[in-house]
Amino acid sequence: MSLFGATSGFGSSGDRCLGNDVEVTSPPDDSISCLAFSPPLHLCFQILIMVRCWEVQDNGQTVPKAQTDAHRSGDGSKVFTASCDKTAKMWDLNSNQAMQIAQHEGPIKAIHWIKEPRTTAFWDTRSPNPMMSLQMPERCYCADVVYPMAVVATAERGLIVYQLENQPSEFRRIDSPLKHQHRCVAIFKDKQNKPTGFALGSIEGRVAIHYINPPNPAKDNFTFKCHRSNGTNTATPQDIYAVNAISFHPVHGTLATVGSDGRFSFWDKDARTKLKTSEQLDQPITACCFNSNGNIFAYASSYDWSKGHEYYNPQKKNYIFLRNAAEELKPRNKKW
Amino acid sequence: MPVCNFFLQGRCRYGDKCWNEHPAGGGGGGGGGGGYNSNNSYNSPAQQQPRGGGFGNRVWVNPSQQKGSYIQPSSFSSHGTEEWGGGGGGGGGGGENDWGRGGGGGRRDNVSFSAPNRFSTLGTPSTFERGGGGQQVETIQMDMDIWESSGQWGFSCYSSFKTPLSGFTDLSPEELRLEYLSRSASGEVQIYVNAIKELINQWRSRVQELKVMNPATRTALLAEINNPAPQASSSDFGSATVFGSATDGMESKGFGAPAPAASNTFSFAAPSGGFGSLAAPGFGSALAAPTQPPSGFGSSIAAAPNAASFSFAAPSTNKPAATSGFGSASGFNFTSTQNAGGGGFGSGFGRVEGLGSSGFGKTASPPAAGVGSAGGASNSLFSHESNTTPEELNQFKAKRFTLGQIPLKPPPVDLLVV
């Protein structure tokens, strides 16, 4: 909360903010594919080409990073680990994202996909080489890691769960509860803070909540529709948008989804209710994340290619917004 | 107040007590419960502006209710269920998904449409499959309709009921973007644009095809869906009983050692006990019996899915040149199986009979023709090795078929193990 006391330093431009959301200054030029907070409130953005980092306290100071690109496969993009070390890591455009997990955990492993689009590599940040590389049946579209579990969603509706204790190994392949292409996945934890399931979003405006070992799969696992255009008006067919990212609140266990429709929504999966939907932004929202104590919800507005190249306008400004998340994401019924 | 969807369909259980709005005249319009008319979809030619469709969401709600009613009747205890929880169920219904409809929150325990449940129902063979075939098709049609009209991402695989449907490529926006960027870097944007156009056209035509669902598409679709359920699919055969029993009877496999049971079951292979039984196993193995060696050829075909596909696949693809393998057993045998193969696909049974009898030397020409000409008897039990692609060969050589890659042709005869 004190963070927002320091907003004067931010110099938000005022327009394009939803209510009191703070806009991050000097946002990146290219689309934002991933956001991550690391504990000391650094906001780390990864875009197609560059990794940029902001320190949220200060005046949107950007720490420029070296860029990589697929053709040259140069290295040098930095990623923050829990201890704020800067570890150089190789990642390229084929491999979409590099992700961080549970920053509080001990051995931090960052996962990313290496050059061949069908491989997942598990890294121990202490060593420069991947400690393990697994072949996947299909191209990886998204993944999430919460030690000791990792979930990877691939093309052709593939879904693989890995267990990361000792050597990462495949734990289970799951039949996708969704009918269409997977777009994003996020692991959630149970009350004992152990990863117990995941939320899977597709291009069809639908999210599936899936538990790994539920007592009653038929009842516990479910899907819900989101990011669709029509509310109660059933006369016209609705527009359906892809769910671009899902993020769980670290404290409340509620989740946020952001979609191609330029909105974000908060949900309570235990009460199976929607908590809030935002106003529509100009551009699709491509990434979102919470900071470690759940006070800040960051979301990025930039073009996600959902309408092809015709709608790609490099002149359009991309935005990253920070929102106070402490209140809005409280679960509907006090489950936690 | 939100409009009551059930009332619009003419099936609101609360009537005047309903908390939702019952618009005047809405009941009549939506009255036809199961009346999802796929023909309506023709009215909206342009994919991106489908607003005129009066059949729109209102009708879409119905199928999901219908699906609900046979999958989980008990779970429909409130109005809210349609809005969420339908495990992957297409259907528009309430649009923007409001879990806590009516302003409340509250648990919705009744919603348990999760995908696993639906799939488990699908898993129960035969009765569901037969009756449900139509339902599945309707679901697919509806989904296609929604897909087309909703402006959602087109380059996605699609699957209802566990099996991915063919004709859909899975491409993520990032992959496309990457392609675009690399092309524009080398100045070849036009290539990218053309490729995208091509892909879009393919997608559109496939969606259209599935929406229209002419008989050919329908059968191909059902074949795909039913493929993973080997036991059930064999029931689609007209001559199911023959195969069913033939499989039971199948043990021995030498050409000269007919399984006695088998001979009985092969109802129309009258010619002789020996012949009939030879033919029967030959049939059964190729078409229905997963592990039945076609008398003497010990098929290593693991899955009956082949059977189903045989019924739809054009038998003409099977080259009689495979008969060379048969020939090794004995000319007699060859003929018989050849004939059997000829009749193998339901419609040809009568022919089998005729040829069968001729196999005994009564009429030399048909069998000879069958034996000799590659082009003549287009139906044969086994394909020629050169006719099978490497992938198919791998499938045949593998211990089990991989779902989605089950060859539509019969195996080359020399892959069969006694």
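First the proteins, then the strands, lettered A, B, ... as listed; each starts at 1.
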Problem set entry | Residue pair D239(A) / S149(B): nearest heavy atoms and the distance that separates them |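 For D239(A) versus S149(B), the nearest heavy atoms are OD1-O, 4.4 Å.
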Closest non-hydrogen contact found for V193(B) with H309(A) is CG2-NE2, 3.3 Å
Relative to chain A, which segment of L171(B) carries a heavy atom at a distance below 4.5 Å: side chain, backbone, both, or neither?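 Looking at L171(B), backbone and side chain both touch chain A.
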Checklist line | Contact origin within F155(B) toward chain A - heavy atom pairs under 4.5 Å | finding: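 The backbone, not the side chain.
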Could you state the interatomic distance from [atom1] ([X]) to [atom2] ([Y]), rounded to the nearest 0.5 Å?
X: S306(A); Y: Q152(B); atom1: OG; atom2: CD; result: 11.5 Å
X: E156(A); Y: C157(B); atom1: CD; atom2: SG; result: 5.0 Å
X: I146(B); Y: E204(A); atom1: CD1; atom2: CD; result: 7.5 Å
X: D143(B); Y: K179(A); atom1: CG; atom2: NZ; result: 3.5 Å
X: Q181(A); Y: T169(B); atom1: CD; atom2: OG1; result: 9.0 Å

Looking only at the aromatic ring of each residue, does the gap between the centers of W305(A) and Y180(B) stay below 6.0 angstrom? yes
Check: When the aromatic ring centroids of H180(A) and W153(B) are compared, is their separation below 6.0 Å?
Finding: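 No, ring centres 6.0 Å or more apart.
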*Decide yes or no for S156(B) and I203(A): does some side-chain heavy atom of the first lie under 4.5 Å from some side-chain heavy atom of the second?*
yes
query = Considering only heavy atoms, which portion of A242(A) lies under 4.5 Å from any heavy atom of chain B: side chain, backbone, both, or neither?
reply =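 No part of A242(A) comes within 4.5 Å of chain B.
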